[in-house]
Amino acid sequence: AEDYAGKPVIAIVNTWSDLNPCHGHFRERAEDVKRGVWQAGGFPVELPAMSLGEPFMKPSTMLYRNLLAMETEELLRANPVDGVVLMGGCDKTVPALVMGALSMNLPAIFVPAGPMLRGHWRGKTLGSGSDVWKYSADLRAGVLPPSAWGEMEDGIARSNGTCMTMGTASTMAAVTEAMGLTLPGASSIPAVDSAHARMAAAAGRRAVELVWEGLAPRDIVTRAAIDNAITTLMALGGSTNAVIHLVAMAGRAGIELPLSRFDEISRTTPVLANLRPSGEYLMEDFFYAGGLRALLKNLGDRLERSCRTVNGRTIGENIADAEVFLPDV
Ligand code: FES
């Protein structure tokens, strides 16, 4: 009790589960977050929350997004905590955690799970989603033997982490960063890169500072920040599911978001990323190419640079020195 006295209590809302390989590294990654919280003089407490893993939950994780949002909000309301680190990544966990945190409005920072490494099989680069369905069709047609299907499965999921195409998980992590709720660059880091552990510890440290500064999610998620998120969605060629989730997230911040706003922004925003399924590359390539910070920098005036972010600086300041290293990506 003596160690605890006077230290900000930081809740780590962790959506780890044995049945969610996308978050398989979160058990150990929570220890990195805790190390950061301790370093900054806080007291970490881990609060497990339901995992919503796309690979196994039936009939659809969408049935549970709002349940996780409520769980997050009530975990934060019911327990004696001062700030929060949200750990999510697989599709609906991202909007759910953010929605709950916005409703509760305690100082909060998001730690995205990060994408898996690129898939490899028989000399080909595989991407989650599209390649699974392609080879599943081959299996059912009898063109691909079951043993080869097993090899393909082993090759397509080479690490923990979320789908490494620009599917819902990568999209939602990126829009959450663009909204200002992650540390700069966090959403592009592959789950098993050592940079991911460093980012998690830094998020733990920052969560403690957020409590002292009193900076809460609704100070960050403004109408302009939502516009930045939509602009980012369009520039990435991101998932259409983001439309549903962004409307819900904005609602929790008290911002009405009509569908017409997506249409307006889409008419003036070019697609800048060359990522599957609409393009060629995968999230690991995007990370090596400079990641989301580089893409945001290339949006120029389309991005409202004065928006505040969770590290206390503006998004414009966060991307000032960003560079594109691989222009094809
Ligand atoms: Fe979890 Fe795709 S199945 S991110």
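Every pair tested for salt bridge (charged side-chain N to carboxylate O under 4.0 Å, His left out) that includes a residue from residues 102-115 fails, sequence neighbours excluded, so the list is empty. Sorted by first and then second residue, the pairs that involve residues 126-179 and meet ring pair (Phe, Tyr, Trp, His ring centres under 6.0 Å), not counting sequence neighbours, are Trp121-Tyr135. Among residue pairs with one or both ends in residues 195-231, those qualifying as ring pair (Phe, Tyr, Trp, His ring centres under 6.0 Å) are His25-His196; sequence neighbours excluded.
The OG1 atom of Thr162 sits 11.0 Å away from atom CD of Glu54, with the distance rounded to the nearest 0.5 Å. The distance from the CG atom of Leu210 to the CG atom of Asn311 is 9.0 Å, given to the nearest 0.5 Å.
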Asp263 vs Arg267, salt bridge (Lys or Arg N to Asp or Glu O under 4.0 Å): CA-CA, chis, key distance, verdict: CA-CA 6 Å; Asp263 187 45; Arg267 287 177 190 279; 3.2 Å; yes
Worked verdict on Glu209 versus Arg205 for salt bridge (Lys or Arg N to Asp or Glu O under 4.0 Å): CA-CA 7 Å; Glu209 293 169 5; Arg205 288 193 293 274; over 6 Å; no
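Residue Phe286 forms a side chain to side chain contact (heavy atoms under 4.5 Å, CB included) with just one option from Leu326, Leu236, Asn274, and that option is Leu236.
In summary, the side chains of Thr15 and Asn20 do not present any donor paired with an acceptor at a separation below 3.5 Å, with no hydrogens or angles considered.
Formation of a donor-acceptor pair under 3.5 Å by the Ser170 side chain with backbone atoms of Cys163 is found in this model. Counting only distance, with no hydrogens or angles, the side chain of Glu73 and the backbone of Ser103 share no donor-acceptor pair below 3.5 Å. When atom types are taken as modelled, the side chain of Arg252 and the backbone of Val98 share no donor-acceptor pair closer than 3.5 angstrom.
Nearest approach of Leu68 to Thr93, heavy atoms of both residues: CD2-CA, 3.8 Å.
Cluster annotation: Val192 and Ile156 are assigned to distinct hydrophobic clusters (Ile/Leu/Val/Met/Phe/Trp/Tyr, side-chain heavy-atom contacts under 4.5 Å, transitive).
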